[in-house]
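Worth saying up front: this structure is predicted, and the values here are computed from it rather than measured. We count ligands from 1, going down the list as the structure has it; atoms in each ligand are counted the same way.
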Amino acid sequence: MTTAVARKPVPQEELGPDLLERLFVCPSEKSQASFQAAISTALKALEGSAAWQKKPYSGASPEVVRKAITAMDPCPEEGRGLEAVMKDVREAILQHSVWVSHPATVAHLHCPTLVPALAAETLISATNQSMDSWDQAPAATVVEQQVVKWLGKLAGFGAGSDGVFTSGGTLSNFMGLLLARNHFCQEKLNWDVQQEGLPLESHRLRILCSQKAHFSVVQAAALLGLGESAVVAVESDERHRLDPQALARYLEVMRYERLLPFAVVATAGTTDFGSIDPLPAISELARKHGAWLHVDAAYGGALLLSERFRDRLQGLSLADSVTIDFHKLFYQPVSCGAFLVRDGALFRNIKLNVDYLNPEDEEEAGVDNLVTKSVQTTRRFDALKVFVSLQSLGRRTLASLVEYTVDLTSDVADLISATPELELAGKPELNAVVFRYRPSRVKSQERLDQLNASIRDVLWNRGMAVVGRTRVNGVRYLKFTLLNPRTTRAHVAGLLEDVRRIGRELEEANHG
Ligand SMILES: *Cc1c(COP(=O)(O)O)cnc(C)c1O
């Protein structure tokens with residue numbers, strides 16, 4: 001061990017006012033010049049990454065990516081200056097990032113970002129408001145509440161509704177089930193979970209959702225101390241929608257078995273197929289059995305913007321709580337989601353007051369400290385990017401983007417149906433089209449599975465396309481999630497040709 005060099009405290013003058021102005025965003029010319037230069041250096045790194053922009057991915061292997069990045073010391077003793085750092089960022093990091101706005105990036109619900117939202121991101125970070133308390137985010141608090149109010153109204157909720165921004169669907173689903181559990185235990189078991197922990201009856205609590213519900217439902221059950229086995233997966237129909245008759249049967253049996261089905265989760269836009277569960281029928285059953293209805297509209301919620309597609313969400317207004325993500329079909333930078341609850345007063349079931357943050361007397365005086373409605377403390381002002389995007393584009397333009405992609409997906413499905421050697425898994429509901437390479441000459445299911453997995457790998461390794469995958473009844477499929485309004489039918493037709501060509505290459509390689 002070396003003896004530590006005793007270092008003197010550094011007086012502020014030694015740091016230098018010049019350095020401090022260049023380092024922090026503040027209202028001086030030097031600071032602003034430094035800020036502008038930094039942003040333009042970042043933009044140059046982005047633009048300079050030409051290879052990256054031409055392909056959806058560099059195709060680099062995990063080893064190459066790791067090597068490029070681990071070669072850099074995360075914390076050198078002396079700084080190297082932003083220009084030099086950005087050059088490395090471009091070469092080691094941007095170079096091997098997935099280019100979300102490339103027309104062939106079609107794997108996930110992973111969207112390109114709107115430029116107005118990026119402008120807002122700059123302000124979000126520069127002003128660094130923290131949404132937990134009014135005294136850290138006065139105007140921001142009002143903006144978030146305005147956006148939440150607008151969204152609640154769009155969802156068909158009444159004046160008593162409320163909500164909060166979250167990091168995304170996972171957290172919003174967790175909050176829905178958290179409120180549902182606490183509400184149920186309070187009302188039906190006269191038990192305050194927030195105070196007392198789980199009631200004795202907790203092993204009888206059940207959550208029902210379809211087999212195609214997002215895995216975060218099961219995760220939430222585990223986090224809530226109910227265990228994954230508290231989630232009962234109800235059968236879905238051939239279009240992957242929850243079957244209300246099956247739901248009715250489960251609920252009846254549960255009543256008989258003295259189980260406590262406290263929540264039903266319906267999905268409006270499943271991750272794999274975009275299927276929308278029949279909300280009105282599900283809501284009726286939930287109500288009849290005294291269960292909370294949470295609708296996971298993380299993905300499909302954006303249809304509310306569209307006059308043409310809004311009807312598909314009929315029944316959403318009957319939910320007790322709703323998840324909507326902005327970092328999917330609202331084209332916002334990650335992360336950005338919302339949680340809505342029909343009766344805002346129910347936030348009291350997760351309420352915590354802390355003297356230094358949201359003292360009760362302040363709330364009684366009408367000061368909003370949003371931490372009271374959230375399970376996060378420090379929280380970004382993500383509402384600003386949604387606000388700025390909605391304002392700059394307007395609902396109609398945003399709706400057109402969504403509509404274009406849904407129409408494109410349905411065109412692509414027709415194209416796949418008409419293409420030899422390709423098999424469509426089913427008619428798409430929103431943006432996801434699931435299909436596989438299936439030439440009639442290949443008879444073995446196992447071989448078909450291998451071929452489809454390999455096609456996806458080849459597309460990735462050559463940096464040609466970022467394509468999704470899934471299994472349907474155990475069989476491997478490829479998936480295009482067509483969220484990107486820049487993707488055209490011609491792009492996808494080209495990609496389908498690539499799939500077939502690679503499929504044939506792989507077949508030949510195997511025979512040769
Ligand atoms: C994306 C998605 C989620 C998860 O949301 P995150 O924002 O990734 O946390 C949950 N449910 C559905 C239906 C989704 O599409």
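A 4.5 Å side-chain heavy-atom check between F215 and E228 finds every atom pair outside the cut-off. No side-chain heavy atom of V264 sits less than 4.5 Å from a side-chain heavy atom of L285. By the 4.5 Å heavy-atom criterion applied to side chains, T377 and V354 are not counted as neighbours. Looking at V265 and I207, their side chains come closer than 4.5 Å, going by heavy atoms from C-beta outward.
F165 has its ring centre no less than 6.0 Å from the ring centre of F381.
Heavy atoms of G269 approach ligand 1 to within less than 4.0 angstrom.
Taking any N or O of T267, backbone or side chain, none lies under 3.5 Å from an N or O belonging to ligand 1. Polar contact with ligand 1: absent for Y299 (N/O pair, distance under 3.5 Å). Looking at ligand 1, you won't find any N or O of G168 less than 3.5 Å from one of its N or O atoms. Looking at ligand 1, you won't find any N or O of T270 less than 3.5 Å from one of its N or O atoms.
Annotation: atom 13 (C) of ligand 1 to nearest protein heavy atom, D296 OD2, 3.3 Å. Scanning all protein heavy atoms for the shortest distance to atom 6 (P) of ligand 1 gives G169 N, 3.3 Å.
Under 4.0 angstrom from ligand 1, the non-hydrogen atoms of T170 come from both its backbone and its side chain. With a 4.0 Å cut-off on non-hydrogen atoms, L109 touches ligand 1 through its side chain and not its backbone.
Numbered from 1 in the order shown, with element, the atoms of ligand 1 that lie under 4.0 Å from a heavy atom of K328 read 1 (C), 2 (C), 3 (C), 4 (C), 5 (O), 14 (C), 15 (O).
The stretch residues 266-307 participates, sequence neighbours left out, in these ring pair (Phe, Tyr, Trp, His ring centres under 6.0 Å) pairs: H183-W292, H240-F273.
For the salt bridge (charged side-chain N to carboxylate O under 4.0 Å, His left out) test, residues two or more places apart in sequence or in another chain that qualify with D407 are R308.
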